[in-house]
Amino acid sequence: MNEYDSELVAGILENQNYIRTDAADEAELILLNTCSVREHAEEKVHARLSNLKFLKKKNPKVIIGVLGCMAQNLKEDLLRTKPYVDVILGPDSYRRLPELLSQRNESNDNYIDTKLSRMEVYDDLFPARREGINAWISIMRGCNKFCSFCIVPFTRGRERSRPIESIIDEIKQVRDAGFIEVTLLGQNVNSFHHEGRRFHELLLEVAKIDGIERIRYTSPHPQDFDDDLLRVHTENAKVCNHIHFPLQAGSDRVLKNMNRTYTKQHFLALAQKMREQIPGLALSTDMIVGFPGETEADFQETLDVMKQVKFDTAFTFKYSSRPGTKAAEFTDTVAEEAKQDRLQRMIVLQKEHTLERNRLHIGEVLEVLVEKDSKKSEKQHQGRTRSNKIVIFDKVGEKPGDLVNVKIIDAQGITLFGQIID
Ligand code: SF4
């Protein structure tokens with residue numbers, strides 16, 4: 001979502017005749033689009049801002065802005081510790097950027113706008129996209145779920161969905177610009193609803209667009225994953241056979257304290273149904289270890305769920321307290337050592353599952369969308385299967401954006417290796 005928002009802001013600025021540079025010391029304006037979801041993400045921004053302080057000393061005219069969730073979360077506190085920051089804008093205030101920049105050019109005041117909106121979906125603004133393979137498309141913003149560990153409902157406000165027509169218009173535009181894959185984005189993407197039409201209906205509309213070959217979405221919430229959505233996956237080949245399905249924890253006690261609103265059994269039953277009904281499905285997930293009150297027995301239950309589902313990949317994190325959330329008030333915190341130990345054990349287990357799942361593809365021929373040169377050799381390309389697996393293969397004349405058939409000959413870690421066949 002932040003990548004999309006950065007493209008959106010770039011689009012607003014390009015409309016004002018700003019020109020992009022990748023060199024910070026050439027820039028007259030530097031904006032950091034920030035994330036508050038974990039402490040580590042905020043620490044990175046603080047470190048980056050400290051570096052920019054030196055740049056500002058050298059060139060006092062450079063305007064430094066902080067955008068996004070951290071701006072929303074910290075507001076004036078950010079100015080108190082970093083007075084050289086000129087502009088602070090929350091996720092619903094990007095439209096005001098040109099106006100604030102012109103005011104900033106006239107006076108040296110700092111500007112803060114962190115008003116959250118119940119309406120803003122930026123549906124008439126088109127992002128300036130750079131990458132030419134996958135286009136991110138925001139379809140809804142905000143979240144009403146209030147998981148107890150999560151700051152997002154406070155930084156991005158209440159859920160609101162974009163009109164289907166404007167989403168379709170944007171996708172036709174990116175199709176005309178050469179993109180053949182789109183990823184529909186929302187904090188809670190499958191609770192999309194607009195004027196009585198729901199998420200699976202939107203997917204069906206997107207699938208009708210000629211030239212769009214692959215449709216992805218992230219992130220769905222298990223509570224809102226219904227049979228209609230499952231049917232769209234089974235009946236429409238354009239909707240990719242990869243589902244990011246965040247479990248977070250496998251113990252009902254922890255899930256309840258997290259306010260995740262589903263049980264282990266509900267999650268397991270859904271995952272099984274998905275695996276049975278969607279051919280070649282890859283399931284990825286998000287996991288948190290060391291949530292307050294999590295015992296070793298709870299953690300073992302989580303590992304047990306992972307063993308049953310065998311996720312293809314997992315994003316695993318140690319719990320970090322976010323001030324302002326419900327969980328930040330919980331006092332039964334887990335010691336850092338125990339968190340680290342559990343995280344390591346979880347990573348080891350997931351690596352086994354990833355390799356096991358990937359080795360199942362050896363010998364298969366998979367359709368791969370060519371993305372770019374592989375990191376290791378310019379004689380090889382890197383692409384992605386419909387199930388979102390990375391494949392490396394020797395070049396034989398194809399180019400980024402092409403769909404090719406690749407026979408898988410090996411699997412190592414998260415990567416498949418293969419060769420193009422006719
Ligand atoms: S569903 Fe939960 S974790 Fe996801 S954005 Fe909403 S509150 Fe945060």
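Counting from 1, the numbers follow the sequence of the chain as shown. Ligands are counted one by one from 1 in listed order, and the atoms in each one are counted from 1 as well.
Looking only at distances, no side-chain donor or acceptor of K256 sits under 3.5 Å from a matching main-chain atom of T263. Distance alone, capped at 3.5 Å, places no donor-acceptor pair between the R129 side chain and the A177 backbone.
Those atoms of ligand 1 with a heavy atom of R260 less than 4.0 angstrom away are 2 (Fe), 3 (S). Atoms of ligand 1 found under 4.0 Å from any heavy atom of H221, numbered from 1 in the order shown, are 1 (S).
Checked options N190, L229, D226; the residue passing with R198 is D226 (criterion: side-chain contact (heavy atoms from CB on, under 4.5 Å)).
With respect to the salt-bridge test (charged N to carboxylate O, under 4.0 angstrom), the residues R156 and D5 qualify. Under the 4.0 Å criterion applied to side-chain N and carboxylate O atoms, K115 and E120 are not assigned as salt-bridge partners.
Note on atom 8 (Fe) of ligand 1: protein N, O or S atoms under 2.8 Å away count 1, no waters included.
Applying the salt bridge (charged side-chain N to carboxylate O under 4.0 Å, His left out) test to R345 and every residue at least two apart in sequence or in another chain returns E296, D341.
Using a non-hydrogen distance threshold of 4.0 Å, Q248 does not register as a contact of ligand 1.
The shortest side-chain heavy-atom distance between F291 and S148 falls under the 4.5 Å cut-off.
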